[in-house]
Student: 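First, the structure itself, so that you have it in front of you.
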Amino acid sequence: MTTLATIAALVSHAYVSGDEIVFVQGYNTVGDGGEGLFLWDTNITSGYNTGTIIQYSTSTLGAWKRLYSGSINVKWFGAISGNTSFNNTVPIQNAINAAVAELTDTFIPGGTYTILSQLYLRGKI
């Protein structure tokens with residue numbers, strides 16, 4: 001198993017046969033809540049979402065898929081709490097969209113998240 005610091009490093013990390021699982025230590029920085037295990041999946045050719053399905057930068061023949069169960073955490077998509085200068089609208093919306101696609105819930109850990117435009121919440125009616 002390979003260990004990488006961030007999602008940006010994962011995007012640049014080429015799959016090597018026999019090394020299908022990668023541990024990422026954070027989304028933007030180590031320990032920021034975006035950490036997780038990723039498995040190379042040769043069957044994924046679309047649906048990349050920056051948090052649970054990560055496209056390798058030079059390939060459309062597979063992607064890194066986050067291994068998880070339960071709710072989808074907004075920090076997996078790069079949301080940052082407590083930083084008033086960071087706009088969390090896109091990371092949180094991407095997490096909501098992924099949760100809808102996976103038929104699960106979105107988890108927003110406690111904290112303050114700056115949102116500068118509308119979020120579209122989707123769910124069962």
Student: Do Val22 and Tyr56 sit in the same hydrophobic cluster, where Ile, Leu, Val, Met, Phe, Trp and Tyr count as joined when their side-chain heavy atoms come under 4.5 Å apart?
Tutor: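 Val22 clusters together with Tyr56.
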Student: For Ala79 and Pro91, which heavy atoms make the closest approach, and how far apart are they?
Tutor: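 Residues Ala79 and Pro91, closest heavy atoms: N-CB, 3.5 Å.
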Student: Following the transitive rule for hydrophobic clusters with a side-chain heavy-atom cut-off under 4.5 Å over Ile, Leu, Val, Met, Phe, Trp and Tyr, establish whether Val24 and Tyr27 coincide in one cluster.
Tutor: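 Hydrophobic grouping puts Val24 with Tyr27.
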Student: What distance do Leu10 atom CG and Ser57 atom OG have between them, rounded to the nearest 0.5 Å?
Tutor: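 These two atoms lie 10.0 Å from each other.
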Student: Please round to the nearest 0.5 Å and tell me the distance separating atom CD1 of Ile96 and atom CG of Leu121.
Tutor: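 So the gap between those two atoms works out to 5.0 Å.
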Student: When clusters are formed from ILVMFWY side-chain contacts under 4.5 Å, directly or step by step, what else is grouped with Tyr120?
Tutor: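 Same cluster as Tyr120: nobody, lone residue.
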Student: With Tyr113, which residues qualify under side chain to side chain donor-acceptor pair (under 3.5 Å), at least two apart?
Tutor: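 Counting only residues at least two positions away or on another chain, Tyr113 forms no side chain to side chain donor-acceptor pair (under 3.5 Å).
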Student: Any chance you could measure Ile54, atom CD1, to Trp40, atom CH2, to the nearest 0.5 Å?
Tutor: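 The CD1 atom of Ile54 sits 11.5 Å away from the CH2 atom of Trp40.
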Student: Rounded to the nearest 0.5 Å, what separation is found between the CG atom of Leu119 and the CD1 atom of Ile92?
Tutor: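 Rounded to the nearest 0.5 Å, the CG-CD1 separation comes to 6.0 Å.
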Student: Say you draw a straight line from NZ of Lys75 to CG of Asn28; how long is it, rounded to the nearest 0.5 Å?
Tutor: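 Rounded to the nearest 0.5 Å, the NZ-CG separation comes to 11.0 Å.
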Student: For Ala5, give me all partners under side chain to side chain contact (heavy atoms under 4.5 Å, CB included), at least two apart in sequence or on another chain.
Tutor: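 Ala5 satisfies side chain to side chain contact (heavy atoms under 4.5 Å, CB included) with Gln25, Val30 once adjacent residues are dropped.
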Student: Is a side-chain donor or acceptor of Asp32 paired with a backbone partner of Gly26 at a separation under 3.5 angstrom?
Tutor: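 Not confirmed, Asp32 side chain does not pair with Gly26 backbone.
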Student: Nearest heavy-atom pair of Ala63 and Ile44: which atoms, and what distance?
Tutor: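 Taking every non-hydrogen atom into account, CB-CG2, 3.7 Å.
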Student: Centres of the Phe38 and Trp64 rings: under 6.0 Å?
Tutor: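 They do not qualify: ring centres at least 6.0 Å apart.
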Student: Looking only at heavy atoms, which two atoms of Asn73 and Gly33 are closest? And how far apart?
Tutor: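 Answer, listing the atom of Asn73 first, then Gly33: ND2-O, 4.5 Å.
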Student: Which residues end up grouped with Ile21 if you chain together Ile, Leu, Val, Met, Phe, Trp and Tyr wherever their side-chain heavy atoms are less than 4.5 Å apart?
Tutor: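 Via sub-4.5 Å side-chain contacts, Ile21 links to Met1, Phe23, Leu37, Leu39, Leu67.
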Student: Among Ile, Leu, Val, Met, Phe, Trp and Tyr joined by side-chain contacts under 4.5 Å, find the other residues sharing a cluster with Tyr68 and list them by chain and number.
Tutor: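 Besides Tyr68, the hydrophobic cluster comprises Ile72, Trp76, Phe77, listed by chain and residue number.
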Student: After noting the C-alpha distance and the side-chain angles of Glu20 and Tyr15, does the key distance pass the side chain to side chain contact (heavy atoms under 4.5 Å, CB included) rule?
Tutor: CA-CA 7 Å; Glu20 289 87 0; Tyr15 162 71; 3.1 Å; yes
Student: Any idea which heavy atoms bring Pro109 and Val74 closest together, and the distance?
Tutor: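 Smallest heavy-atom distance, with atoms named: CD-CG2, 3.9 Å.
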Student: Tell me the side chain to side chain donor-acceptor pair (under 3.5 Å) pairs involving residues 86-107, sequence neighbours left out?
Tutor: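 Every pair satisfying side chain to side chain donor-acceptor pair (under 3.5 Å) with a residue in residues 86-107: Asn87-Thr89, Gln93-Asn97, Asn97-Arg122.
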Student: Looking at OG of Ser81 and CD1 of Ile108, how far apart are the two atoms once the value is rounded to the nearest 0.5 Å?
Tutor: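 Taking OG in Ser81 and CD1 in Ile108, the distance rounds to 11.0 Å.
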